[in-house]
Asker: 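Got a structure for you, written out below as structure tokens; questions coming shortly.
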There are 2 protein chains.
Amino acid sequence: MATRQRGRPRSFDRLTALEQATMAFWEHGYETTSVSDLTRAMGISAPSLYAAFGDKKTLFEEVVEAYAGSYGSYGGRAFAEEPTARGAIGRVLREAAELFTESGHPRGCLMISAATNCSTPEVEEALRARREANLTSFEARISRGIEAGELSPGTDARALARFSGAVLQGMSQQARDGATREDLAAIAEWAMRSWPAETTPAITPGAAQETASETPAGYGA
Amino acid sequence: MATRQRGRPRSFDRLTALEQATMAFWEHGYETTSVSDLTRAMGISAPSLYAAFGDKKTLFEEVVEAYAGSYGSYGGRAFAEEPTARGAIGRVLREAAELFTESGHPRGCLMISAATNCSTPEVEEALRARREANLTSFEARISRGIEAGELSPGTDARALARFSGAVLQGMSQQARDGATREDLAAIAEWAMRSWPAETTPAITPGAAQETASETPAGYGA
DNA sequence: TTGTTTGTGTAGTGGTCGTTACGAAAAGAC
DNA sequence: GTCTTTTCGTAACGACCACTACACAAACAA
């Protein structure tokens, strides 16, 4: 680790280049971003890209992973810090309204939009799997909220999770279509109106008792 | 019109070919559907396609127009036939749950998904404009509902319209991700929970009094 | 029949796609 | 210095993209 590399040193910063690739994929999606676009955005030549990141698909996978750990981490934080299901998912929607319209990066959510209309099945499926996983984590958190007495026992956890996810996905598309932050925030608030009010104050606040399986893996739906 | 064509007659049915092109674009989106895919799906050769439909972009525009008048017409019907704003938009969401999962054609909504991640700006903008137009028609209908006393005067028409549109767009994505019809129907019902109840029964039922500008131009969001 | 018009099939156009061979350049090891 | 290792820039690869030139086929008009 302290030992220097043997050969000629890399002339670019790998993390910076990865971030620039993230911006390109986030903006234009997997399929529409050509390797030529990538090399231009990253400021490196094609052979350097292939040497450092494998091929286009592998680079995209690394981008998605990095995105999940940075921009997409707000969901995990909300789940970890908010004591109730309603609080957690409400916060996810409200923070999404900010993230999706923040300046300094493209609009909307990379995981929601970057692999739509993608002719590489593995890439399309990889993002679909992440969306599914997040719906599942929504549902698990809601189920736990029902068990904890926060929500009425008759609550349909699957439906409420899918509804919340649909709102998040719609917010992403509207962000890309030019909606303002206030537009998205209003959508989030309106969605939370149909959430049943909590029947009991949360008993055990804090993150310690989460199940790993119900923590969103990066973005929110 | 009764006069026959002068030259060699076309060896395929233009409307059938258009329908097959619709299926291809609906399934894979504008960019990802190649002319080669199209000629295969339509059962004709490239020169025939170009002679009958212009170029790929023009064909897509014709596809979108035909889609708006057929599959996408449920929105206009709901607006024409339902007396209240709540009834109209609720019906749009419920019928979308069916359309988006119907067998015999691809899932979700062509207008919502077919131009995502599209590198041809005119095509991307054309569909975005249709989505915007439908949000506007949602908003106009809600505003009229407020004026008619169906909805509380304090209702934020823009927010409620965008919320409803976001749900519709999320439903389309989830349909493409494999959600069942029941999943989508439950999302629609849940969305309607946050809609305020009508404060007055509708006074003037029927379609006659619509303003043209508030009729959705083909799909719903 | 002959000419005109229109559609069809073959076979291409130049351009871009993702990817890579190859030799020069820049570092440590000896 | 020379060897080895790794990265660099140039310049391509075959495959596919949207699109079309061209010659032939099939209809009507004369």
Side-chain angles (χ1 to χ4, degrees), chain A residues 1-18 20-21 24-25 27-63 114-115 117-124 126, chain B residues 1-18 20-21 24-25 27-63 114-115 117-124 126:
Chain A
M1 194 172 278
T3 55
R4 278 285 193 84
Q5 297 277 33
R6 265 279 258 147
R8 175 173 176 173
R10 198 176 268 130
S11 66
F12 59 94
D13 181 54
R14 199 178 181 283
L15 281 178
T16 304
L18 187 67
Q20 289 159 331
F25 279 132
E27 174 84 49
H28 301 108
Y30 174 76
E31 196 88 11
T32 316
T33 305
S34 69
V35 172
S36 175
D37 293 332
L38 288 168
T39 58
R40 195 180 314 113
M42 301 163 85
I44 63 178
S45 67
S48 298
L49 187 156
Y50 279 83
F53 299 102
D55 58 4
K56 183 184 173 185
K57 190 176 61 172
T58 309
L59 169 59
F60 182 72
E61 286 163 8
E62 195 171 338
V63 159
N117 298 137
C118 171
S119 65
T120 311
E122 312 150 81
V123 171
E124 185 149 35
Chain B
M1 193 171 278
T3 55
R4 277 287 192 83
Q5 296 277 32
R6 264 277 262 155
R8 175 174 176 172
R10 198 176 268 130
S11 65
F12 59 93
D13 180 54
R14 199 178 181 283
L15 281 179
T16 304
L18 187 68
Q20 288 159 332
F25 279 131
E27 175 84 48
H28 301 108
Y30 174 76
E31 196 88 12
T32 316
T33 305
S34 69
V35 172
S36 174
D37 293 333
L38 288 168
T39 57
R40 195 181 314 114
M42 301 164 84
I44 62 178
S45 65
S48 297
L49 187 156
Y50 280 84
F53 299 102
D55 59 3
K56 183 183 171 184
K57 190 176 61 170
T58 310
L59 169 58
F60 183 72
E61 284 164 8
E62 194 170 337
V63 158
N117 298 136
C118 173
S119 64
T120 312
E122 310 150 82
V123 171
E124 185 149 36

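Reminder, nothing fancy here: chain letters follow the sequence lines and each chain counts from 1.
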Asker: Rounded to the nearest angstrom, tell me the gap between atom CG in A:L59 and atom C1' in C:dT19.
Answerer: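 These atoms are roughly 14 Å apart.
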
Asker: Between D:dC17, C:dC17, C:dT19, spot the one nearest the side chain of B:S36, thanks.
Answerer: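 Of the candidates, D:dC17 comes closest.
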
Asker: Is any side-chain heavy atom of A:E31 less than 4.5 Å from a side-chain heavy atom of B:N117?
Answerer: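 Heavy-atom side-chain distance check fails, nothing below 4.5 Å.
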
Asker: Answer whether the closest heavy-atom distance between the side chains of B:H28 and A:S119 falls below 4.5 Å.
Answerer: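 In short, these two side chains do not touch, never coming nearer than 4.5 Å.
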
Asker: What heavy-atom pair brings B:A21 and B:V63 nearest, and what distance separates the two atoms?
Answerer: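 Shortest heavy-atom separation between B:A21 and B:V63 comes out as CB-CG2, 4.0 Å.
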
Asker: Expressed in angstrom and rounded to an integer, what is the separation of A:K57 atom NZ from C:dG18 atom P?
Answerer: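 Nearest whole value for this atom pair: 14 Å.
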
Asker: Please work out if B:T120 contacts a base, only the sugar-phosphate, or nothing of the nucleic acid, heavy-atom cut-off 4.0 Å.
Answerer: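 No contact at all - B:T120 keeps every heavy atom at 4.0 Å or more from the nucleic acid.
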
Asker: Report the relative orientation of the aromatic rings in B:Y30 and B:F25; use parallel for angles under 30°, tilted for 30 to 60°, perpendicular for over 60°.
Answerer: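 Answer is parallel, since the angle falls under 30°.
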
Asker: Can you name the nearest heavy-atom pair linking A:K57 to A:T120, along with the distance?
Answerer: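 Heavy-atom minimum between the residues: CD-CG2, 4.3 Å.
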
Asker: Can you tell if the side chain of A:E62 reaches within under 4.5 Å of the side chain of A:F53, non-hydrogen atoms only?
Answerer: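 Heavy-atom side-chain distance check passes, below 4.5 Å.
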
Asker: Between B:Y50 and D:dC19, is there a contact of a side-chain N or O with OP1 or OP2 at under 4.0 Å?
Answerer: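 Checking B:Y50 against D:dC19: at least one side-chain N or O falls below 4.0 Å of OP1 or OP2.
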
Asker: At under 4.0 Å between heavy atoms, what does B:T33 touch on the DNA or RNA strands: base, sugar-phosphate, or nothing?
Answerer: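 Touches sugar-phosphate only.
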
Asker: What is the distance, rounded to the nearest whole Å, between atom CZ of B:R40 and atom P of D:dC16?
Answerer: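 So the CZ-P distance, B:R40 to D:dC16, works out to 11 Å.
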
Asker: Each nucleotide in nucleotides 6-13 of chain C should get exactly one letter: B, S or -. Can you fill that in based on protein heavy atoms under 4.0 Å?
Answerer: BBSBB---

Asker: Counting the atoms with a prime plus P, OP1 and OP2 as sugar-phosphate, which does B:V35 contact under 4.0 Å by heavy atoms, base, sugar-phosphate, or nothing?
Answerer: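 Contact class for B:V35: sugar-phosphate only.
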
Asker: Decide yes or no on side chain to side chain contact (heavy atoms under 4.5 Å, CB included) for A:M42 and A:L59, but give the supporting numbers first.
Answerer: CA-CA 12 Å; A:M42 301 163 85; A:L59 169 59; 4.3 Å; yes

Asker: In whole angstrom, what separates A:K56's NZ from C:dT20's C1'?
Answerer: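 Atom NZ in A:K56 sits about 17 Å away from atom C1' in C:dT20.
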
Asker: Could you give the CG-to-C1' distance, from A:D55 to C:dC17, as a whole number of Å?
Answerer: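 From A:D55 CG to C:dC17 C1': 14 Å.
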
Asker: What is the separation between atom CZ on A:F53 and atom C1' on C:dG18, rounded to the nearest whole Å?
Answerer: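 Atom-to-atom, A:F53 to C:dG18, this comes out as 17 Å.
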
Asker: Rounded to the nearest Å, what distance is computed from the CZ atom of residue A:R14 to the P atom of nucleotide D:dT7?
Answerer: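 These atoms are roughly 11 Å apart.
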
